[in-house]
Structure formats: C-alpha cells, structure tokens
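Reviewing the structure listed below.
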Amino acid sequence: MASHRCGGDCGSLHVVVLRFQSAASFDFSWNVDNAEATHQFTCADARGLEIITSAADPSSKLIRACPSRRLTIVVVATSPIPQSKSADPVSQFLVSRPQGGDVIVSRSRSTIYDDPGSEGLYAIITNYLVQIQNNRLVSWDNHTDGTQKYTQQYTTELKVIDGSEVSKSVGLSASFLGLTISAGYSQKTFSSTETTNSKTETTEVEVAPRSDLFFYQRQYVMRSDVYFILDAWKEEWIVGSWHGYDISHARCDEVIDSSDYVTMDAELKGETTIKVDAAKVMDFGAGKKVRRFENLTEKAQKTLRAMGVNGL
C-alpha cells in the first residue's frame with residue numbers, strides 16, 4: 001500500500017508513481033475519506049506508470065480532495081503481460097493512423113539565405129504525422145528447450161521520400177529535432193541521430209524456449225508543407241504564384257526510422273486509429289501580403305527555381 005497526502009488548494013493534481021520489476025497489469029483502488037473507486041491500469045514495462053488525477057478534470061472520477069484529506073492508492077493484484085498484448089495500441093498493429101487524418105505536429109521558420117541590408121528568404125515548415133508503423137526487420141524461431149540470445153542491429157535516420165531538393169534547401173531535418181509527438185499512450189521525442197544525423201544501434205534479444213520472436217523498428221511517416229517569405233523592400237512578403245496571388249507551396253514526404261523497437265511473440269497485423277495531440281502553431285504569415293512570383297527579387301526567383309518551386 002502506498003499513501004500520498006494531498007497538498008495545496010482543493011482540486012490540485014495528485015501524482016502517484018508505481019514501479020514494478022517487470023511488466024504488469026494491476027487493479028488499484030483509491031480512497032478519499034470514505035469515497036472509493038477501483039480502476040484497472042496496465043504498465044507495459046518496468047519503468048513504471050504515473051497516475052495523474054485532478055478534481056478539475058471532468059474525465060477524472062476522483063472526488064475533490066482538500067489538503068487535510070488523505071489519498072490512498074491500494075495495489076490489488078499484479079500479473080505479467082505477454083509481449084504480444086502490450087497496452088500501447090501502437091504496438092498492437094502494423095500501422096496506426098491519427099484519428100481524423102494527418103495531424104499538425106509542428107511549425108517553424110527556417111532561413112534559406114539572409115543578406116543583411118538587402119534581402120532574405122525564409123521557409124515556413126508545417127510538419128504533419130501521417131502514420132506510425134512497425135517495420136519488421138527480422139524474426140526468430142526457437143524450437144529448443146533453452147533460451148536463445150541474438151544481437152540485432154538497426155539504423156536510425158530521417159529519409160526524404162519526395163522533395164529532396166526542397167528538404168536540403170530549407171534544412172527540413174532540423175525542424176524535427178526535439179519534436180515531441182504524443183500518440184496513443186506514449187510520447188516520442190526525436191533525437192539528433194533520428195533527424196539531422198544517423199546511427200547504427202545494437203541491441204540484444206532473448207527468445208524463450210519453444211517460442212517465436214518478431215523484431216520491429218518503429219517508423220514515423222511524415223509530410224511537410226512549405227511556403228516561403230521574402231524580406232525585401234523593407235517588408236516581408238509571402239511568395240505567390242506566377243501572375244497570381246495564390247501562395248506557392250512545396251511538399252516533402254519523409255520517414256523517420258526511430259531508435260525505438262518492439263519485440264513481440266506474435267506477428268503484428270492490421271491497422272488502427274489513435275488519438276494524436278495536435279500542436280498549437282504560430283501563423284507566420286499573419287498580416288503579410290502576397291507578392292507575385294515574377295515580382296520577386298532575381299535572387300529569390302533563382303533560389304526557388306533551383307529547388308523546383310516556380311510559382312506554377
């Protein structure tokens with residue numbers, strides 16, 4: 001039993017961290033004075049589960065607790081979780097797509113060139129999560145009565161599938177560095193070796209007697225929408241179309257081979273939809289006028305054409 005005395009004002013957050021030696025599912029009940037509630041949670045690994053409840057949260061069933069009241073968490077039972085029944089829905093299917101379609105996960109402004117006192121050209125990059133997929137790299141069959149150990153290597157990197165010239169010119173990979181995506185029950189923050197650089201990872205796995213093991217690398221399928229801003233004539237302009245005022249856009253498609261992997265004792269299949277938190281992003285074009293492509297500076301036109309953007 002673990003107890004936690006509430007602090008602060010009524011309705012404050014209550015945080016309880018439960019840790020186990022191995023993956024486990026468990027029931028727990030909480031008690032605030034004489035009010036009780038019981039719920040079942042699953043901890044997919046030994047890192048522990050953080051339970052956060054708030055009386056101000058309408059989805060929370062925790063009754064409002066003032067500082068003088070004691071919140072008690074009681075662990076009722078624990079049991080191992082088979083690898084093929086992980087609590088994370090992203091680990092239960094080959095493909096997980098955001099509910100409602102592609103989701104904005106970031107927006108940033110990148111410098112293409114900046115000539116002080118003359119002109120500058122910038123890219124506004126909006127990144128979308130298209131889907132998360134588990135890419136099967138290898139599998140093992142153990143038909144013996146002993147545990148088998150293997151060493152597996154895999155590479156982390158960002159691969160541009162389409163729009164490589166735009167990607168290089170605007171420094172697209174840097175827009176993913178440090179980006180955090182909240183999907184399903186998990187969060188993912190991309191490191192430098194998953195975005196701006198690459199790395200070969202090595203891990204050891206064990207295959208239990210008389211069982212199979214499937215090794216999947218987690219991939220994030222992204223797309224990026226890019227438009228451009230020219231700083232010239234003492235004003236910033238959104239780059240438009242040829243002989244028109246439609247905004248010129250470029251698109252890039254990427255796959256991030258992440259450092260995350262999952263091992264399962266059953267082959268993954270099918271697709272599902274998951275809740276993905278959309279990012280709150282800035283409108284970098286607010287209040288700016290659109291300038292026709294043919295009326296841009298000569299350098300801006302030449303730079304954009306070199307990456308395949310010509311206003312058409």
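Predicted model only: the values in this text are computed from it and were never measured.
Applying the ring pair (Phe, Tyr, Trp, His ring centres under 6.0 Å) test to F293 and every residue at least two apart in sequence or in another chain returns nothing. Under the ring pair (Phe, Tyr, Trp, His ring centres under 6.0 Å) criterion, Y150 pairs with W140, sequence neighbours left out. Residues passing the ring pair (Phe, Tyr, Trp, His ring centres under 6.0 Å) test with Y154, sequence neighbours excluded: F215, Y261. Shown here are the side chain to side chain donor-acceptor pair (under 3.5 Å) partners of E157, two or more places apart in sequence or in another chain: there are none.
Of the inter-residue distances, the one linking T193 atom OG1 with D257 atom CG reads 11.5 Å to the nearest 0.5 angstrom. Between the CG atom in L312 and the OG atom in S248 there is a gap of 8.0 Å [rounded to 0.5 Å]. In this structure, the separation between CZ on R223 and SG on C252 is 11.5 Å, given to the nearest 0.5 Å. Note that CZ of R218 and CD of E194 are 11.5 Å apart. Values are rounded to the nearest 0.5 Å. Here F284 contributes atom CZ and I125 contributes atom CD1; the two are 10.0 Å apart, rounded to the nearest 0.5 Å. The CG atom of L213 lies 7.5 Å from the CG atom of D265; values are rounded to the nearest 0.5 Å.
In plain terms, the two heavy atoms of Y227 and G285 that are nearest each other are OH-N, 3.2 Å. In terms of heavy atoms, A208 sits closest to S211 at O-OG, 2.6 Å. Heavy-atom minimum distance, V281 versus S106: CG1-C, 4.0 Å. The two residues Q301 and N295 have their closest heavy-atom pair at NE2-N, 4.3 Å. Annotation for V90 and A183: closest pair CG2-O, 4.4 Å, computed over non-hydrogen atoms. The shortest non-hydrogen separation linking P89 to S96 is O-OG, 4.1 Å.
When the options D225, T126, D283 are evaluated for a side-chain hydrogen bond (donor to acceptor under 3.5 Å, both in side chains) with R107, the one that passes is T126. R292 pairs with exactly one of W237, W242, Y245 by the side chain to side chain contact (heavy atoms under 4.5 Å, CB included) rule, that one being Y245.
Under the 4.5 Å side-chain heavy-atom criterion for ILVMFWY residues, no single connected hydrophobic cluster contains both Y122 and V226. Note on V309: it clusters hydrophobically with V160, by side-chain heavy-atom contacts below 4.5 Å among ILVMFWY residues. When the side chains of ILVMFWY residues are joined at heavy-atom separations under 4.5 Å, either directly or via intervening members, M307 and I229 end up in two distinct hydrophobic clusters. I112 is connected to V239 through a chain of hydrophobic side-chain contacts under 4.5 Å among Ile, Leu, Val, Met, Phe, Trp and Tyr, so both are in one cluster. Transitive grouping of hydrophobic side chains (ILVMFWY, heavy atoms separated by less than 4.5 Å) keeps V103 and I124 in distinct clusters.
Side-chain contact between D141 and H143 is present, with at least one heavy-atom pair separated by less than 4.5 Å. Considering only heavy atoms from C-beta on, E267 comes within 4.5 Å of R136 through its side chain. Within the 4.5 Å cutoff, no side-chain heavy atoms of K188 are placed close to those of I132. By the 4.5 Å heavy-atom criterion applied to side chains, Y185 and K275 are not counted as neighbours.
In this structure, Q217 contributes its side chain and T155 its backbone to a donor-acceptor pair below 3.5 Å. For the pair N142 (side chain) and V207 (backbone), a donor-acceptor distance under 3.5 Å is present. Listed for the E119 side chain is no donor-acceptor partner under 3.5 Å among the backbone atoms of L230. Looking only at distances, a side-chain donor or acceptor of N134 sits under 3.5 Å from a matching main-chain atom of F93. No side-chain donor-acceptor contact under 3.5 Å links Q133 to the backbone of Q219.
No donor-acceptor contact under 3.5 angstrom links the side chains of E254 and Y220, judged on distance only. A donor and an acceptor atom, one from each side chain of R97 and T273, are nowhere located under 3.5 Å apart. A donor-acceptor pair shorter than 3.5 Å can be found between the side chains of Q187 and S182.
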**Request:** Walk me through it: do R210 and D145 pass the test side chain to side chain contact (heavy atoms under 4.5 Å, CB included)?
**Result:** CA-CA 6 Å; R210 303 293 175 183; D145 293 325; 2.9 Å; yes

**Item:** M222 and I181: CA distance, side-chain angles, deciding distance, side chain to side chain contact (heavy atoms under 4.5 Å, CB included) verdict
**Value:** CA-CA 12 Å; M222 317 293 294; I181 294 177; 4.1 Å; yes

**Prompt:** Given R291 and K289, is the side chain to side chain contact (heavy atoms under 4.5 Å, CB included) satisfied, shown in steps?
**Reply:** CA-CA 6 Å; R291 192 173 185 89; K289 300 175 184 177; over 6 Å; no

**Prompt:** What do the steps show when you test V138 against Q152 for side chain to side chain contact (heavy atoms under 4.5 Å, CB included), and what is the final call?
**Reply:** CA-CA 9 Å; V138 68; Q152 178 62 33; 3.4 Å; yes

Please table the atom pairs, donor to acceptor, closer than 3.5 Å between any side-chain atom in residues 162-179 and protein atoms at least two apart or in another chain.
| unit_1 | atom_1 | unit_2 | atom_2 | d |
| --- | --- | --- | --- | --- |
| S169 | OG | E165 | O | 2.9 |
| S175 | OG | N127 | ND2 | 3.1 |
| S175 | OG | L172 | O | 2.6 |

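When the shell of 6.0 Å around CD of E235 is examined, it contains more than 12 heavy atoms from other residues, nucleotides or ligands.
Through chains of ILVMFWY side-chain contacts below 4.5 Å, I161 is grouped with V130, V221, V255.
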